[in-house]
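Taking it in order: structure first as structure tokens, then the write-up.
Hydrogens, waters and symmetry mates are skipped; everything else that's a heavy atom, side chains included, is used. Chain identifiers are assigned alphabetically (A, B, ...) following the order of the sequence lines, protein sequences preceding nucleic acid strands; residue numbering begins at 1 within each chain.
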Protein chains: 2
Amino acid sequence: MSADRPERRRDAAATRRALVDAAAALFADRGYERTTVRDIAARAGVNQALLFRYFGSKQLLFNEVTAIAGLRRMRETPPEELLETALRGLLATGPGPASEVGEGARRDRALEAFLRSTGGDAATRTGRLLGQEYAAVLATLTDADDAALRSDLILAWLLGIGLTRNVVRQEALAGADPEEVCDLVLRAARTMLEKLPPRQEPEP
Amino acid sequence: MSADRPERRRDAAATRRALVDAAAALFADRGYERTTVRDIAARAGVNQALLFRYFGSKQLLFNEVTAIAGLRRMRETPPEELLETALRGLLATGPGPASEVGEGARRDRALEAFLRSTGGDAATRTGRLLGQEYAAVLATLTDADDAALRSDLILAWLLGIGLTRNVVRQEALAGADPEEVCDLVLRAARTMLEKLPPRQEPEP
DNA sequence: GTTGGTTGTAAGCGTCTGCTTACAAAAGGT
DNA sequence: ACCTTTTGTAAGCAGACGCTTACAACCAAC
């Protein structure tokens, strides 16, 4: 709220941030193709030409919003927690925009943006990039010689769950209790990744 | 080849079919948004105005291509074979266009079209429709009281596998042996759907 | 051979798209 | 004060988009 600096009226860094935030929200809501640079600029409250000054193109802004944020997050999580963490991140995205503003409310919109943008080269590339990083980590959780395939399958499951829950909004999954979903998925996943830590009982 | 009828040069039914086929292929390759009515008409070898005469709009043509075909196929498969059949259909979609022409080569392009078109209202609606039908069938394979959730999760997995293999083309999964994928997935799925038939050993 | 509905085409309408350009207002250094 | 650089804006370009219209070619019935 209270900024000690005397509030610059022209602030490149601030408008850059505004553009990134607006783009993240819109890409997540509508996907890449259906989001226009004019939409983004309007939501950020700035002129659309600035988008090109700061990011070069719509595509580069999309990369900034999805790939960069996603990668950073992943690298901070230890392998054996990665699946559950990602799964919970996915499930935390409740229906409706929830409390849009606020500090801790910034969720996994990057993944959602990616999910809604499949098909174009845009998302396919960054998707593969992110996917390979995730898969590599998950593959350390099994000694089977088809570790890569197993981790890809688990990853595919995450994608599908995100798609079904947040985009298609299939009823049973969209409204399900995250705990129950975690339980079912992790139990099945342990068929493939034998080093997954056993689920702890929620409350004794 | 040899048609006993003397080959009409103007044939509404034939051009309708040509439009549907062209649309199916293009929607599958590029998704809804990135496929233009001009592309479709060009591929079908007809004037684009005919698309509107026969289908009313791009959206209605998309519905015809995805929902109708997908539903028809599903209803012909008994429940306990549905998962494996759908999974194999997905996996049969090898990389590259394979042998494009030919009779038996018409594959699950409808699902692929849907997968590449997530985000727009277009695919979300028909996706939910198809999904509910599939889920209802899969739900008969368990007695658990969260049957709906379980079948949604399995369905989500199929979506994710299709996405990862055919759109994102993640390496390990895209190049994997269908048998091995089936084995892994069905074994894990049996954790949730206990009435799934046990896998038979391929060759004794 | 004329008529009348069907099938096909060429051209274009209005709108939206990503992106560029020309220029003004503010900030900062000297 | 002056000048340069940074930050912002208004206007518009060229192309693509979904869709419509006006009209020609074909075919069957009479």
Side-chain angles (χ1 to χ4, degrees), chain A residues 3 5-24 26-27 29-66 113 116-117 119-123 125, chain B residues 3-23 26-27 29-66 113 116-117 119-123 125:
Chain A
R5 289 252 237 124
E7 180 192 3
R8 290 169 50 104
R9 311 184 339 160
R10 309 182 60 170
D11 186 339
T15 58
R16 245 194 90 103
R17 241 178 294 121
L19 280 169
V20 168
D21 287 349
L26 289 173
F27 283 140
D29 281 347
R30 321 218 263 255
Y32 181 80
E33 313 260 5
R34 294 168 60 94
T35 300
T36 73
V37 296
R38 286 172 171 84
D39 289 340
I40 298 172
R43 175 157 182 150
V46 305
N47 190 286
Q48 52 133 346
L50 295 179
L51 188 153
F52 296 94
R53 198 202 299 282
Y54 290 134
F55 300 96
S57 74
K58 181 190 179 188
Q59 179 64 64
L60 290 172
L61 173 56
F62 181 82
N63 291 349
E64 179 110 0
V65 164
T66 55
R116 290 203 198 254
S117 306
D121 295 335
R125 268 184 231 230
Chain B
D4 40 3
R5 287 251 239 129
E7 180 192 3
R8 290 171 51 103
R9 311 180 346 156
R10 310 181 61 171
D11 186 338
T15 58
R16 246 193 90 105
R17 244 179 292 122
L19 280 169
V20 168
D21 287 350
L26 289 172
F27 283 139
D29 280 348
R30 322 219 262 255
Y32 181 79
E33 315 259 7
R34 294 168 61 92
T35 299
T36 73
V37 295
R38 285 171 173 84
D39 289 339
I40 297 172
R43 175 157 183 151
V46 306
N47 190 285
Q48 52 133 349
L50 294 180
L51 188 153
F52 296 94
R53 197 201 303 277
Y54 291 134
F55 300 96
S57 75
K58 181 189 178 188
Q59 178 64 65
L60 290 172
L61 173 55
F62 181 83
N63 292 349
E64 180 109 0
V65 164
T66 55
R116 291 206 197 254
S117 306
D121 295 336
R125 268 183 231 229

What is the per-nucleotide protein-contact pattern of nucleotides 9-18 of chain D, from the 5' end, where B denotes a base atom under 4.0 Å from a protein heavy atom, S denotes such proximity for sugar-phosphate atoms only, and - denotes neither? BBBB----BB
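Atom P of nucleotide dG8(C) and atom CZ of F55(B) are separated by 12 Å, given to the nearest angstrom. In this structure, L60(A) places its CG atom 14 Å from P of dG18(C), rounding to the nearest Å.
Evaluation of the side-chain hydrogen bond (donor to acceptor under 3.5 Å, both in side chains) rule for S57(B) yields no partner, not counting sequence neighbours. The side chain to side chain contact (heavy atoms under 4.5 Å, CB included) search around F52(B) returns V37(B), Q48(B), not counting sequence neighbours.
Across T15(A) and V46(A), no two heavy atoms sit closer than the pair CG2-CG1, 4.0 Å. Across all their heavy atoms, R30(B) and D39(B) have their closest contact at NH2-OD2, 2.7 Å.
Taking the six-membered ring where the residue is Trp, F27(A) and Y32(A) present parallel rings, their angle staying beneath 30° rather than reaching 60°.
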